[in-house]
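Can you keep this structure in mind? I'll have questions shortly.
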Number of protein chains: 2
Amino acid sequence: MFAAQLDLTSATATGMHNRHGDGSSVAEQRLPSATVRRLIAKEHVFCEGDDREQVFQVEEGVIAVYKTLPDGRRQIIDFAYPGDLIGLGILDEHVLSAQATVPSKVKCLSAAALERIAESDARLALKLYKSVCHELAATRSLLITVGQRSAIERVCAFLVALHRRTAGAESATVDLAMRRSDIADLLGLTIETVSRTLTKLRTMGVIDIAQGGTRVQLCDLARLTDLANE
Amino acid sequence: MFAAQLDLTSATATGMHNRHGDGSSVAEQRLPSATVRRLIAKEHVFCEGDDREQVFQVEEGVIAVYKTLPDGRRQIIDFAYPGDLIGLGILDEHVLSAQATVPSKVKCLSAAALERIAESDARLALKLYKSVCHELAATRSLLITVGQRSAIERVCAFLVALHRRTAGAESATVDLAMRRSDIADLLGLTIETVSRTLTKLRTMGVIDIAQGGTRVQLCDLARLTDLANE
DNA sequence: CCCGCCTGTTACACACTCTTACAATTCGTC
DNA sequence: GACGAATTGTAAGAGTGTGTAACAGGCGGG
């Protein structure tokens with residue numbers, strides 16, 4: 001959900017200057033002032049089947065976006081970090097669920113208002129388009145990881161992606177702001193395999209694990225990238 | 001790539017009626033008249049790294065959109081059927097490759113022209129947005145299949161999806177317009193497992209295979225859907 | 001018409017990952 | 001600071017899926 005980092009404020013601001021000949025005066029409307037919701041760990045932002053009344057922008061924490069099979073198996077589609085938008089779509093119902101992995105904050109936006117404005121504001125519509133394009137790229141990348149890579153390659157790819165996404169280039173440390181089970185459900189592995197693999201990487205000297213298993217130091221980023229088979 | 005079935009002609013036609021205050025007269029331009037390209041089986045539409053000069057709309061046949069790892073492993077992201085758009089994105093280079101699985105025809109459209117028009121035409125931009133949303137939904141669905149389902153569930157899910165996508169509700173037959181290796185690379189399995197699983201489904205009486213393994217009759221669609229764990 | 005190539009199928013041994021069970025750690029509470 | 005519950009980590013057997021390889025069938029070229 002990398003590109004979902006659009007600045008909605010500026011998008012709607014420019015939208016106000018557009019003029020259309022198709023009679024859509026709704027372009028003049030501003031997005032209603034957004035409210036912020038605080039979430040505790042494991043609390044849901046929305047669930048599959050809920051009315052899609054709102055779209056959310058992550059402000060703090062991490063939100064896991066996932067889908068569950070009838071028998072309970074869960075596939076996490078993406079982790080959303082601050083700046084990312086979740087809940088975009090074209091249906092009236094959410095087709096995915098979203099829950100915080102750690103205490104988080106999300107900005108709540110009216111889905112109807114956002115999409116009404118986009119109908120006449122090409123810039124906003126294009127921003128939404130590009131956001132979803134980035135999200136698509138991330139999902140494809142995960143699909144390749146899950147479809148083709150081995151357990152160790154998956155974990156390495158995850159760590160590298162997490163590093164690119166959350167850490168500055170200078171820092172070689174990533175914060176695992178989620179449980180082993182979340183990582184397992186993202187990568188299509190089990191908790192135990194994730195655990196084993198992290199231990200193996202530590203034994204190999206590629207990473208170091210601290211703070212009760214939540215903080216990972218990437219000792220050898222080049223090796224890690226290589227192991228990920230990127 | 002289901003929703004990529006947008007009617008570009010109408011989109012650009014309505015685009016001609018828009019008026020914008022930001023000085024973008026490019027909205028007046030029409031999309032250059034599209035040329036049609038014929039492809040033989042296995043011929044590439046574009047490759048990863050190619051300049052993204054064109055976007056393509058499938059007219060006939062099936063196009064496999066895929067990505068390869070450095071060591072040659074291949075993950076097919078999606079099969080594109082007539083009406084689907086391929087090559088959309090935000091970068092100047094293609095990040096994926098696309099090749100025909102059977103003799104096909106694609107309409108070639110200028111990517112630059114399409115995206116230039118979208119900059120001032122909210123309707124076209126919104127259509128692109130919705131197209132990518134549908135593509136995203138399909139990719140997510142595949143991710144769940146590959147990440148969580150067993151071999152037999154994957155094959156069943158593939159057959160059900162193919163049926164929904166290509167066959168009318170009345171017909172219980174699907175045409176496998178691709179090789180076993182293509183299905184394997186889509187589902188994250190090996191050729192052998194795909195072959196074994198299809199045989200198993202035939203033995204179970206759920207499907208029947210005809211025409212040299214290219215045509216599959218879904219004898220028990222309910223059972224098939226159940227086996228897919230949808 | 002025969003031959004060779006490509007694709008698809010089947011068999012078997014192995015490797016990987018999963019399941020189960022148990023140990024260790026962390027966190028909340030007293 | 002200590003206890004107990006919940007979560008996480010580790011170890012060993014079980015199962016699934018994979019790779020190798022051999023064989024069958026279809027298609028096109030010689």
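Every chain is numbered from 1 and lettered A, B, ... according to where its sequence line falls, protein lines coming before strand lines.
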Item to complete: Report yes if some heavy atom in the side chain of A:Asp208 is under 4.5 Å from a heavy atom in the side chain of A:Leu218; otherwise report no.
Response: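 No - every pair of side-chain heavy atoms lies 4.5 Å or more apart.
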Worksheet item: In Å, rounded to the nearest 0.5 Å, how long is the span from CG of B:Leu162 to CG of B:Asp175?
Response: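 Here the interatomic distance stands at 8.0 Å.
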Item to complete: With B:Asp185 as reference, evaluate B:Arg179, B:Arg74, B:Arg73 under the salt bridge (charged side-chain N to carboxylate O under 4.0 Å, His left out) test and give the passing residue.
Response: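 Testing B:Asp185 for a salt bridge (charged side-chain N to carboxylate O under 4.0 Å, His left out) against B:Arg179, B:Arg74, B:Arg73 leaves exactly one candidate, B:Arg74.
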Fill in: Pair A:Lys105 + A:Glu60, salt bridge at N-O below 4.0 Å
yes
Discussion item. Taking A:Leu189's backbone N and O only, do any of them form a donor-acceptor pair with A:Thr193's side chain (distance below 3.5 Å, no angle check)?
Written reply: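 Side chain of A:Thr193 to backbone of A:Leu189: no pair is present.
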Practice prompt. For A:Lys42 and D:dT8, give me the distance from atom NZ to atom P, rounded to whole Å.
Written response: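 The distance from NZ of A:Lys42 to P of D:dT8 comes to 7 Å, rounded to the nearest Å.
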Practice prompt. Would you kindly give the CG-to-P distance between B:Leu189 and C:dG8, to the nearest whole Å?
Written response: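 My rounded result for the distance is 15 Å.
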Discussion item. Tell me if a side-chain donor or acceptor on B:Arg154 pairs with a main-chain N or O of B:Val146 at a distance below 3.5 Å.
Written reply: yes
Practice prompt. Starting from P on C:dG8, measure out to CD1 on B:Ile183 and report it in whole angstrom.
Written response: 8 Å
Worksheet item: Donor-acceptor pair, B:Arg149 side chain versus B:Ala228 backbone, under 3.5 Å?
Response: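 Indeed, once roles are kept as given, a pair shorter than 3.5 Å links the two residues.
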Item to complete: Could you check how far CZ of A:Arg73 sits from C1' of C:dT17, rounded to whole Å?
Response: 15 Å
Item to complete: Output yes when B:Asp182 and B:Lys42 qualify as a salt bridge under the 4.0 Å nitrogen-oxygen rule, no when they do not.
Response: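 No salt bridge links B:Asp182 with B:Lys42.
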Tabulate atom names and distances for all N/O pairs under 3.5 angstrom spanning the protein and nucleotides 9-16 of chain C.
residue, atom, partner, partner atom, Å
C:dT9, OP1, B:Arg180, NH2, 3.3
C:dT9, OP2, B:Arg180, NE, 2.9
C:dT9, OP2, B:Ser195, OG, 2.8
C:dT9, O5', B:Ser195, OG, 3.0
C:dT10, OP2, B:Thr199, OG1, 2.6

Worksheet item: Is there a donor-acceptor pair under 3.5 Å between the side chain of B:Glu115 and the backbone N or O of B:Ala112?
Response: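 Judged by distance alone, no pair lies under 3.5 Å.
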Fill in: Secondary-structure string, 5' to 3', Watson-Crick or G-U under 3.5 Å, | for another-strand partners, for DNA chain C
||||||||||||||||||||||||||||||
Discussion item. Is there a side-chain contact between A:Thr190 and the phosphate of C:dT17, meaning an N or O under 4.0 Å from OP1 or OP2?
Written reply: no
Worksheet item: With a non-hydrogen cut-off below 4.0 angstrom, is B:Lys200 in contact with a base, only sugar-phosphate, or nothing?
Response: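 If one applies the 4.0 Å heavy-atom cut-off, B:Lys200 turns out to touch nothing in the nucleic acid.
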Item to complete: Rounded to the nearest angstrom, tell me the gap between atom CE in B:Met178 and atom P in C:dG8.
Response: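 Taking CE of B:Met178 and P of C:dG8, I get 11 Å after rounding.
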Worksheet entry | B:Leu187 CG to D:dT18 P, straight-line distance once rounded to whole Å |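 My rounded result for the distance is 11 Å.
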Item to complete: Round to the nearest Å and state the distance from B:Arg149 atom CZ to D:dT16 atom C1'.
Response: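 Rounding to the nearest Å, CZ of B:Arg149 and C1' of D:dT16 are 18 Å apart.
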